[in-house]
Amino acid sequence: MLKGKTALVTGSSSGIGYAMAERLADAGANIVLHGLMDPAEGAALGKEFESRFGVECLFSDADISTAEGNEALVNASLEKFGQVDILINNAGIQFTASVEDFPVAKWDAIIAINLSSAFHTTRLLVPGMQARGWGRIINIASVHGLVASLQKAAYVAAKHGIVGLTKVVALENAEKGVTANAICPGWVDTELVAAQFQATADRDGVSFEEGKRRTIIAKQPVPKATQPSALGDLAVFLCSDAAATITGASLPVDGGWTAQ
Ligand code: NAD
């Protein structure tokens, strides 16, 4: 379905981004893998994708916390593939503290990686999509793009910001064959949230699995975490012709978290 297309997935060295890259490669897209990973290991991962899926891959370890880092990532992608048709802005970090204690450097890093990076990659890649009359931009926001939680000032601000950015990009490209959507997951089974599951387990003196269950049900009516592969399947659907008129949407995949 996506043969001949190229997808850049930021933060695809692990977690949700990795699963998205797998599903897109399985659908035939060439892939730019990206993340903070040893370059030799990243290159090996790219080779593995090439043999598993019969697509071409590039790995980049550009630090996307700066405009220059995003430019390096985009330039490397264009140098290798000539174009990027599918852009998934997925890389993200988390830090928790009350607003009065929030370290300024952590605020700046979360806004840069979780929000500004998507601005940079989009501004650099959307002109090519417009010129070709086809493009898909998928921003991995969060339920925290729609509602708030305690201790997550920077994360919630960045995720609300990316939902807003998505809407503007959707409107500006509505007649150009380019869609922009945000996916808003609740709890997803990845390393990013494992520490939060462990913290509940430690607090309550229970196993990791029980800590995980308690963390999830504190927010989600559905008592289980979403699997990263399910988000990969959604991304592939958003790249299909059937999704051509889905744009500017913020799609919760959150076990009913935001239905309450
Ligand atoms: P993860 O920690 O497994 O992956 C994060 C990725 O971002 C990694 O590839 C990492 O190398 C990359 N990254 C981080 N900082 C970077 C930097 N400065 N430069 C380049 N790359 C950088 O996390 P995940 O759970 O897969 O999260 C992916 C996205 O999904 C994030 O935006 C996160 O906010 C969002 N999300 C996650 C959950 C969840 O429950 N896991 C829920 C909602 C939203």
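Quick note: residue numbers are just sequence positions, from 1. Start at 1 and go down the list; that is how both ligands and their atoms are numbered.
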(request) Mark yes or no for whether S240, through its side chain, and V236, through its backbone, hold a donor-acceptor pair below 3.5 Å. (result) no
(request) Mark yes or no for whether R136, through its side chain, and L238, through its backbone, hold a donor-acceptor pair below 3.5 Å. (result) yes
(message) Around atom NZ of K80, are there more than 12 heavy atoms from other residues, nucleotides or ligands closer than 6.0 Å?
(response) yes
(request) Using the test ring-ring contact (aromatic ring centres under 6.0 Å, His included), find all partners of Y155 that sit at least two apart in sequence or belong to another chain. (result) H144
(message) Distance under 4.0 Å, heavy atoms only, partner ligand 1: which residues pass?
(response) G11, S12, S13, S14, G15, I16, H34, G35, L36, A62, D63, I64, N90, A91, G92, I93, I113, I140, A141, S142, Y155, K159, P185, G186, W187, V188, T190, L192, V193
(request) Determine which pairs satisfy ring pair (Phe, Tyr, Trp, His ring centres under 6.0 Å) with at least one residue from residues 197-252, sequence neighbours left out, and list them in order. (result) W187-F197
Do any side-chain atoms of residues 91-103 form donor-acceptor pairs under 3.5 angstrom with protein atoms, and if so which ones, sequence neighbours left out?
from	atom 1	to	atom 2	distance (Å)
S98	OG	D101	OD2	3.1

